[in-house]
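Sequential numbering from 1 along the given sequence is applied to the chain's residues. Please read all numbers here as calculations on a predicted model, not as lab measurements. Counting starts at 1 for both ligands and their atoms, in listed order.
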Amino acid sequence: MTRKETCVSKLLRDCPWGQSREAETYAPANIALCKYWGKRDRDLNLPITDSLSISLGPYGSHCHLSLQEGPDAYFLHGEAVETGSVFAERLRAFLDLFRGPDGYGYRVEARNSIPTAAGFASSASGFAALVQALDAVHGWQLAPPALSVLARLGSGSACRSLWKGFVHWHAGTREDGLDSHAEPLDVEWPAFRVGLLTVSAGQKAISSREAMNRTVETSALYAAWPDQVARDLATMRAAIERRDFAALGGCAESNALAMHATMLGARPPVLYWLPDSVRLMRKVQDLRAAGVPVYFTMDAGPNLKLLFLAADTDAIAAALPDMQVVVP
Ligand code: PMV
């Protein structure tokens, strides 16, 4: 048994297989405010640090899952996914962890409500929606932390995509990762907004997985990262508790830049920014200097995500007309 299989068999002990034959689920994408950057275990996607995210509400993944005779079949936006493609192989490897005793195949019909042209990753919401669908089809009735562990086996940040709002992923300490799962914060903040700014929708040259591993292995700047995350996480949780937007936004922006600094220290360096990324960062900082409370964060790519409050939407949209506004 692989270590992933061992983890799945621990969680699914005594669970039934193949109860309802089909299910339809939805999971929102999420954007980290305090980033997950670095694995302590690559097999199980176990992180070195905790992280904290905000969901993208209506932007995420829909999954229709059914059991069928014969092999698996996968569809994205109604079109068959080519056998042997990276996407199909990743999906099949994940579903291989969940083969029941009766030899059924899975039919997966996935749809992303994130505009596919926008260049925002949908693997987190995709794996979260798939895990919820597997749970429903088989009638496992797993508790949310267990579903979060299963989603993490598909993609680390997927463990944070099972809920709307603010979500904290606890790194955990166990070797089998059963205590490494996310938890939603019991916080209502209806005025909180996320803005999406697309710089490039193209495929990135280096995956987050590879960039993360290279940074941990070769960047002298990585040594400072875990302590920085511990401080930022405490700052952000306290700021959320007080609804202190400036403290949260400022810390999130600094955290993202610090993550990119660790990548710049890697050998060879990882630089995701394009000229327009930097132009937009400056624009956000200029808006702030002019009195508009808006902050940015960035992940393993050139696009920006803005953080602001509902009351400032018009002022920001006037300066950045291409921004898509999301209610988390
Ligand atoms: O879960 P992955 O392997 O796609 O990695 C996500 C990494 C970042 O998006 C850069 C940070 C995060 O916490 O989501």
Side-chain angles (χ1 to χ4, degrees), residues 4 27-56 59-61 86-87 90 93-94 112 114 118-131 148-163 166-171 177 180-183 194 196 203-216 219 222 225-226 228-230 232-233 236 251-264 266 270-273 277 296-305 307 328:
K4 271 189 184 171
N30 75 79
I31 299 295
L33 302 176
C34 186
K35 306 294 183 187
Y36 148 54
W37 196 246
K39 299 180 209 250
R40 70 170 194 275
D41 183 319
R42 294 183 193 181
D43 259 3
L44 299 178
N45 292 333
L46 294 177
I48 291 173
T49 69
D50 288 21
S51 56
L52 178 77
S53 62
I54 181 77
S55 74
L56 291 187
Y59 285 160
S61 302
V86 175
F87 181 67
R90 199 164 170 205
F94 186 70
N112 297 322
I114 306 183
F120 291 94
S122 50
S123 68
S125 52
F127 280 112
L130 181 57
V131 160
S148 177
V149 167
L150 293 181
R152 193 199 74 229
L153 298 178
S155 157
S157 53
C159 79
R160 298 186 310 234
S161 264
L162 291 157
W163 300 273
F166 296 98
V167 176
H168 183 157
W169 174 8
H170 300 277
S180 183
H181 57 75
E183 169 199 33
V194 177
L196 306 181
Q203 186 81 25
K204 50 194 174 197
I206 162 165
S207 70
S208 58
R209 175 175 306 230
E210 195 187 328
M212 200 182 282
N213 292 342
R214 188 191 297 173
T215 302
V216 175
S219 175
Y222 190 79
W225 175 251
Q228 185 66 59
V229 167
D232 287 349
L233 205 86
M236 287 189 212
C251 192
E253 186 172 302
S254 296
N255 181 269
L257 290 171
M259 174 183 74
H260 282 272
T262 69
M263 300 182 209
L264 294 178
V270 179
L271 176 60
Y272 282 113
W273 303 347
S277 314
F296 66 81
T297 184
M298 294 181 76
D299 294 295
N303 302 318
L304 271 73
K305 292 94 181 187
L307 310 171

Hey, does Trp225 have a side-chain heavy atom less than 4.5 Å from the side chain of Asn255? yes

What residues form a salt bridge (charged side-chain N to carboxylate O under 4.0 Å, His left out) with Asp232, not counting sequence neighbours? none

For ligand 1, list all ligand N or O to protein N or O distances below 3.5 Å, rounded to 0.1 Å.
{"unit_1": "ligand 1", "atom_1": "1 (O)", "unit_2": "Ser155", "atom_2": "OG", "d": "3.3"}
{"unit_1": "ligand 1", "atom_1": "1 (O)", "unit_2": "Ser157", "atom_2": "N", "d": "2.9"}
{"unit_1": "ligand 1", "atom_1": "1 (O)", "unit_2": "Ser157", "atom_2": "OG", "d": "2.7"}
{"unit_1": "ligand 1", "atom_1": "4 (O)", "unit_2": "Ser208", "atom_2": "OG", "d": "3.4"}
{"unit_1": "ligand 1", "atom_1": "9 (O)", "unit_2": "Asp299", "atom_2": "OD1", "d": "3.4"}
{"unit_1": "ligand 1", "atom_1": "13 (O)", "unit_2": "Tyr36", "atom_2": "N", "d": "2.9"}
{"unit_1": "ligand 1", "atom_1": "13 (O)", "unit_2": "Arg160", "atom_2": "NH1", "d": "3.0"}
{"unit_1": "ligand 1", "atom_1": "13 (O)", "unit_2": "Arg160", "atom_2": "NH2", "d": "3.2"}
{"unit_1": "ligand 1", "atom_1": "14 (O)", "unit_2": "Arg160", "atom_2": "NH2", "d": "2.8"}

Are His181 and Trp169 close enough, and set up right, to give a ring pair (Phe, Tyr, Trp, His ring centres under 6.0 Å), and what steps lead you there? CA-CA 6 Å; His181 57 75; Trp169 174 8; over 10 Å; no

For Leu44, does its backbone N or O pair with a side-chain atom of Arg152 as donor and acceptor, under 3.5 Å? yes

Got a list of side-chain donor-acceptor pairs under 3.5 Å for residues 120-127, not counting sequence neighbours?
{"unit_1": "Ser122", "atom_1": "OG", "unit_2": "Asn112", "atom_2": "ND2", "d": "3.2"}
{"unit_1": "Ser125", "atom_1": "OG", "unit_2": "Ser61", "atom_2": "OG", "d": "2.7"}
{"unit_1": "Ser125", "atom_1": "OG", "unit_2": "Ser122", "atom_2": "O", "d": "3.3"}

Tell me, please, which residues at least two apart from Arg214 pass salt bridge (charged side-chain N to carboxylate O under 4.0 Å, His left out). Glu210

